[in-house]
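What follows is a short report on a single structure.
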Amino acid sequence: MRKMLVLAALMASVTGLSRAARAAGWNMPVGVTEVSRDVYGLHMVIFWICVIIGVIVFGIMFYSLFRYRRSKGAQAAHFHEHTTVEVFWTAIPLLILVAMAIPATATLKDMYDASEAELDVMVTGHQWRWHYHYMGEDITFFSNLDTPREQIDGTAEKGENYLLEVDQPLVLPVGRKVRLLMTSSDVIHSWWVPDLAVKKDAVPGFVNEAWTRIDEPGIYRGQCAELCGKDHAFMPVVVQAMEQEAFDTWLAERKQEAAAAASGVDREWKLEELVERGEKVYGSICASCHQADGQGTPPTFPALAGNQAMMDDLDWHIDVVVNGVSGSAMAAFSGTLNPVDLAAVITYERNAWGNETGDVVQPAEIQALIDP
Amino acid sequence: MAPNLPPKAPLEHSQSVAGSPAAHEEEHHYRSGPLRWLLTTNHKEIGTLYLIFSLSMFLIGGVMALVVRLELFQPGLQMVQPEFFNQMTTMHGLIMVFGAVMPAFVGLANWMVPLQIGAPDMALPRLNNFSFWLLPIAFTLLLATLLMPGGGPNFGWTFYAPLSTTYAPPSTTFFIFALHMAGISSILGAINIIATILNLRAPGMRLMDMTLFVWTWLITAFLLIAVMPVLAGVITMMLLDINFGTSFFNAAGGGDPVLFQHLFWFFGHPEVYIMILPAFGIVSVIVPTFARKRLFGYASMVYATASIAILSFLVWAHHMFAVGLPLVAELFFMYTTMLIAVPTGVKVFNWITTLFRGSITFETPMLFALAFIVLFTIGGFSGLMLAIAPADFQYHDTYFVVAHFHYVLVPGAVFSIMAAVYYWLPKWTGHYPDERIGRWHFWLSVIGVNLLFFPMHFAGLAGMPRRIPDYALQFADFNMASSIGGFLFGFSQLLFVWVIVKCVRGGAKAPAKAWEGASDLEWTLPSPAPLHTFETPPDLRGFKFH
Amino acid sequence: MTPVQRTVTKTLIALLMMVGFTIALVPLYDVFCQITGLNGKSASQPRAVVSGEVDESRYVTVQFITRTGSGLPWRLEALNRQVRVHPGQAYEVRFAFVNHGKTASRGRAVPSVSPSEASLHLRKVTCFCFQEQRLEAGEKLELPMMFQLSSDLPEGIHTVTLAYTLYPVAEGPVANNKSTSMQGGDA
Amino acid sequence: MWEVVKSVLSAFFGVQREQRRRRDFEQGKPGTFIVVGIVLAMLMVIVVMAIAIMAAG
């Protein structure tokens, strides 16, 4: 009875301890999906197994170090072999491992079963932002880091979600199985949200899949987990989970917005309008490599300010932005930006930082180019 | 205890040494100055060169780590830009793995393998000289890439394609050449060690009479022969992809970036054991000495080492659980990885049982060896956690992994090297290392290393990815603690340098058998060991091994 | 030969074997991928339709995703974005290639199948991905892709995603080496 | 032969009795042990693979 009490007290203090550790942000989050809870469970089980083995092994070790000090007159014994003991300490870990492997296998199988998903989202890694495509809904957008440069450089106070905030989060409905198809347009990235226990590499040329079913509405933050170059630290993942109705409303709004953003392809745009819009696009898409001042970081990212080759050859400039450059970090933006944004950013680049070409690229021209 | 000296000189022993070492050693016997060190074929001098080289690389790589820790002291970008930060993490990893830890073990092998098996020198002395001198050239080239346009390698020490091919800086070709040279050096070193151990053992010494340091090195050498060609192959493919338009790792040309990771880790996982098996050997030699008791389960230790070596070829994809392997592959690699914990556990149990009912003293080498056992085991525990594939999705590529492998490599491999240096310094210099400074070095290192790496576990679990120059605010406390620990650990290594310099210059005279409980063959030689030892092999019939 | 030379010779032979093994690993990996479906690679050669039983008791959704890599002014569009098929049933879908560039160029669509286990059970009878395409400036080309999911497709798979990424094929002799001699299976 | 297999198996787990080891090293040929070791290692791979395939269902 007393043993039971001691055991119960021990258990209580242990769970209390792990809860405290979690609350303080010292432990893995339990997360908001069934899978993430399973993973957390596995993590804690294997952790406590390690702790128990550690206490026993280090206990014996420190006891020996203390008890058999020569300064206390210890005389060395002469044994150096004991088959029974050796078999015993080989067999016990083996059994523990087998016991551990069984639940781990079950959870892994669960994680791999992406069948019967109700929503498919294509996730594409770019240097250094994520792009989301709601398949079947024709909604696509980039998700860029939203932390101001001043906070990173230390000239402004850092916000609560420093480096973990984006301009447009991935919005998902709760309670529905969502399949995430991962790929990349350049190097290998890895899409990770700890609260969902989803981490999957985005490999260029290949498609990986993962899935999640979020239980609670909320905002869940993660980061790119695979070194992908200079701004690897600056491409967070933010998932906003909302109730089905709210999600449907969001979806409808998104579609309207997309239509509005793409509208005006046919009309004639003024230089100032395009430059104004282009500056925004440039800031969120291009500035991470070519820098806000257009100076780039040669030799990897060429300067745009004062780039004579670019200013002289309008067609080439358009081609590079629209179709990208093979084997370089310059991606093709024809599939990810609408014609208005493309025209705007090209016009901006030709008229900013002293690049006074006065060229105006009309969205209609780009539209004609992409869809002849 | 002592072998029956002088020996009854079986002639075939000295004849078996290629090209009779006595003959060509004479030619440089009278040489002095730098040329002597450039052309030396003596295993002790080459061993010393390796160790000095390794120490300087350890310090250079350490400075790079301090740059990283300095930047990570606080959130925000203060000291360096991300481009340079990535070069620092990459170079730190490459230099520590290929420039510090591996050459240190080769240096120890050069010094101690012939002394522990009663051989006059390494089997291939001239090759030995060549394989050493490749290293300074390789690492000068590697360091020089930092000054090239576009900077040095910035894609992590694992250099995953296509970041290291299509998107790499122009200096990558030089990085590949440098790595090729370091690889050739390792292969030649391994061939030499195998030839020495298999052929130059003194008469009467059977394989199962060898010390565990020699045993673990023999197995390590075979691992090197097996996997270094794979590394050479994979970097050659990178070279072709970058400069000759092939597409091994480029999806655009029909290649596969994941192939790179399979090849790299097929080399990389055995490489991990290359860096830890000799450490097992060192600890298995030091612990019995200061416990004054025979090593428990010698045969088990040898078998466990061989077992780990074999299993190390079957676990590579546990580094790639998140890459999108099919379920069956994930399960296979999860099971094999869990299996490898068993022989590793056996080793730890054996060391502890050796301590049990011993007669223990705590000289500096013993302190480092004991810290090794505890801290390496902690690294082993986190390794076991990482083996659980579903949980690995959360740990993978976070600071939890950084904590894991640093626990295995710093208080693991590096502490074992320090233990070995303290242990054998009396034999090398004839003086005991200063015990007081040694203890300061030990305690500051232990405190520093734990303060440095333990908080990384928490940072990783809380969600901090590795290889980032800037991080979210909830990781700030962990990183500040780590950085303080990093500086403490880093600067306490100056004490190590001081102890060594002091010991070379003088100190308490050491007798032939410098440690009371030591029983291996090297302790039958005078301290310091003369330049030429065992020129006529000792007769070991009747010698009491381990 | 002295014992040392013998040992060194043996070690060198082992070393050479490992070098050979490393070289063999690249083609072996491709073979391995195709046998196990690792990485979602599908066969690079056309295969014949197996006329067997069509499993009419269940439907599998097959999705088609098209993407364009950088450096090629093309667009690839799946004219049937999603089809529902019975395992065992042969089916034809159509894709449109458009070159909106001002010059002729060559490209290749690299396929990937998800989940990767499904690639073992996917038989492509005709596919534009088996060879590179050449399009004149402004040319539009419609190409068929005929496939069959074998009836032994695992029960658990309800959706198969086929992704095609367009990559440019550079003009000139180097490019030819690239896609033919250096790579065994080009996925 | 059975003795060799037993020795190699116990080696896989890193457990070996001094007596048996002495006998192996005095009587056995290294070649047999290496061959048996390789065969058993392959067998182990196959067994683990089979378990994985079964578990994956």
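Note: hydrogens, waters and symmetry copies are ignored here, and every other heavy atom, side chains too, is used. None of these values were measured; they are calculated from a predicted model. In what follows, every chain begins at residue 1, and chains take the letters A, B, ... in the order their sequences are listed.
Using a distance-only test at 3.5 Å, with no hydrogens or angles considered, no donor-acceptor pair links the side chain of A/Lys230 to the main chain of B/Pro82. Side-chain atoms of A/Lys158 never come within 3.5 Å of backbone atoms of B/Leu473 as a donor-acceptor pair (strictly under, hydrogens ignored). When atom types are taken as modelled, the side chain of B/Asn86 and the backbone of A/Gly229 share a donor-acceptor pair closer than 3.5 angstrom. With hydrogens and angles disregarded, no donor-acceptor distance shorter than 3.5 Å links the side chain of A/Asn27 to the backbone of B/Leu461.
Taking a 6.0 Å sphere around CG of B/Asp477, one finds it holds 12 or fewer heavy atoms contributed by other residues, nucleotides or ligands.
A/Phe58 and B/Phe381 have perpendicular rings, their planes meeting at more than 60° on a 0 to 90° scale where under 30° would count as parallel. A perpendicular orientation is assigned to the rings of A/Trp26 and B/Phe478, their planes being inclined by more than 60° (bins at 30° and 60°). Using bins of under 30°, 30° to 60° and over 60° for the plane-to-plane angle, the ring pair B/Phe356/A/Tyr68 lands in the perpendicular bin.
When heavy atoms are compared at a cutoff of 4.5 Å, B/Phe362 approaches chain A solely by way of its side chain, counted from C-beta outward. Heavy atoms of B/Pro75 lying under 4.5 Å from chain A belong to its backbone as well as its side chain. In this structure, chain A has no heavy atom under 4.5 Å from any part of B/Thr158. Proximity to chain A is limited to the side chain of B/Met334, based on heavy atoms less than 4.5 angstrom apart. Of the two parts of A/Leu164, only the side chain, counted from C-beta on, holds a non-hydrogen atom closer than 4.5 Å to a non-hydrogen atom of chain B. Both the backbone and the side chain of A/Asp186 have a heavy atom closer than 4.5 Å to some heavy atom of chain B. Of the two parts of B/Gln87, neither the backbone nor the side chain holds a non-hydrogen atom closer than 4.5 Å to a non-hydrogen atom of chain A. For a residue to count as touching a neighbouring chain, one of its non-hydrogen atoms must lie under 4.5 Å from one of that chain's; by this rule A/Ile53 touches chain B with backbone and side chain alike. Using a 4.5 Å cut-off between heavy atoms, B/Ala291 touches chain A through its backbone atoms (N, CA, C, O) alone. Interface remark: A/Met182 contributes no atoms to any contact with chain B (heavy atom separation under 4.5 Å). Heavy atoms of B/Gln81 lying under 4.5 Å from chain A belong exclusively to its side chain. Contact annotation for B/Ala387: neither backbone nor side-chain heavy atoms come within less than 4.5 Å of a heavy atom of chain A. In this structure, chain A has a heavy atom under 4.5 Å from the side chain of B/Ile388, while its backbone stays farther away. Of the atoms belonging to B/Asn154, it is backbone heavy atoms, and not side-chain ones, that fall under 4.5 Å from chain A. Both the backbone and the side chain of A/Leu227 come within less than 4.5 Å of a heavy atom of chain B. For A/Gln127, the part lying under 4.5 angstrom from a heavy atom of chain B is the side chain only. Of the atoms belonging to A/Lys72, not a single heavy atom falls under 4.5 Å from chain B.
Using a 4.5 Å heavy-atom threshold, the side chains of A/Val98 and B/Met338 count as separate. In this structure, B/Val258 and A/Phe206 have side chains that are not in contact, with every pair of non-hydrogen atoms separated by 4.5 Å or more.
If you tally non-hydrogen atom pairs under 4.5 Å between each of A/Gly154, A/Gly222, A/Pro236, A/Pro204 and chain B, the highest count goes to A/Pro204. Chosen from B/Met320, B/Arg467, B/His457, B/Gln78, the residue pairing most often with chain A at heavy-atom distances under 4.5 Å is B/Arg467. When each of B/Phe458, B/Phe85, B/Phe400 is checked for heavy-atom pairs under 4.5 Å with chain A, B/Phe458 comes out on top. Taking chain A as the reference chain and counting heavy-atom pairs below 4.5 Å, the highest number among B/Gln74, B/Gln474, B/Glu330 is found for B/Glu330.
Side chains of B/Ser359 and A/Gln75: a donor-acceptor N/O pair is absent below 3.5 angstrom, by distance only. Between the side chains of A/Gln223 and B/Tyr471, no donor N or O sits under 3.5 Å from an acceptor N or O.
Taking both residues in full, the closest heavy atoms of A/His232 and B/Arg466 are given as NE2-O, 3.4 Å, listed atom of the first, atom of the second, then distance. The two residues B/Pro162 and A/Val187 have their closest heavy-atom pair at CG-CA, 3.9 Å. In this structure, A/Ala104 and B/Pro390 approach most closely via the heavy-atom pair O-CG, 3.3 Å. In terms of heavy atoms, A/Met28 sits closest to B/Gln394 at CE-CB, 3.4 Å. A/Ala101 and B/Tyr335 make their closest contact through CB-CE2, 4.0 Å (heavy atoms, listed as atom of the first residue, atom of the second, distance). In terms of heavy-atom proximity, B/Gly460 sits nearest to A/Trp192 at O-CH2, 4.4 Å.
The pair B/Glu516-A/Arg70 meets the salt-bridge criterion, with a side-chain N (NZ, NE, NH1 or NH2) lying under 4.0 Å from an Asp/Glu carboxylate O.
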Could you please spell out the steps behind the side-chain contact (heavy atoms from CB on, under 4.5 Å) verdict for A/His78 and B/Arg294? CA-CA 7 Å; A/His78 291 288; B/Arg294 263 178 79 180; over 6 Å; no
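Between the CD1 atom in B/Ile352 and the CZ atom in A/Phe62 there is a gap of 9.0 Å [rounded to 0.5 Å].
For an aromatic pair to be called close, the ring centres must be under 6.0 Å apart, and A/Trp89 with B/Phe296 satisfies this.
Partners of A/Ser64 by side chain to side chain donor-acceptor pair (under 3.5 Å), not counting sequence neighbours: none found.
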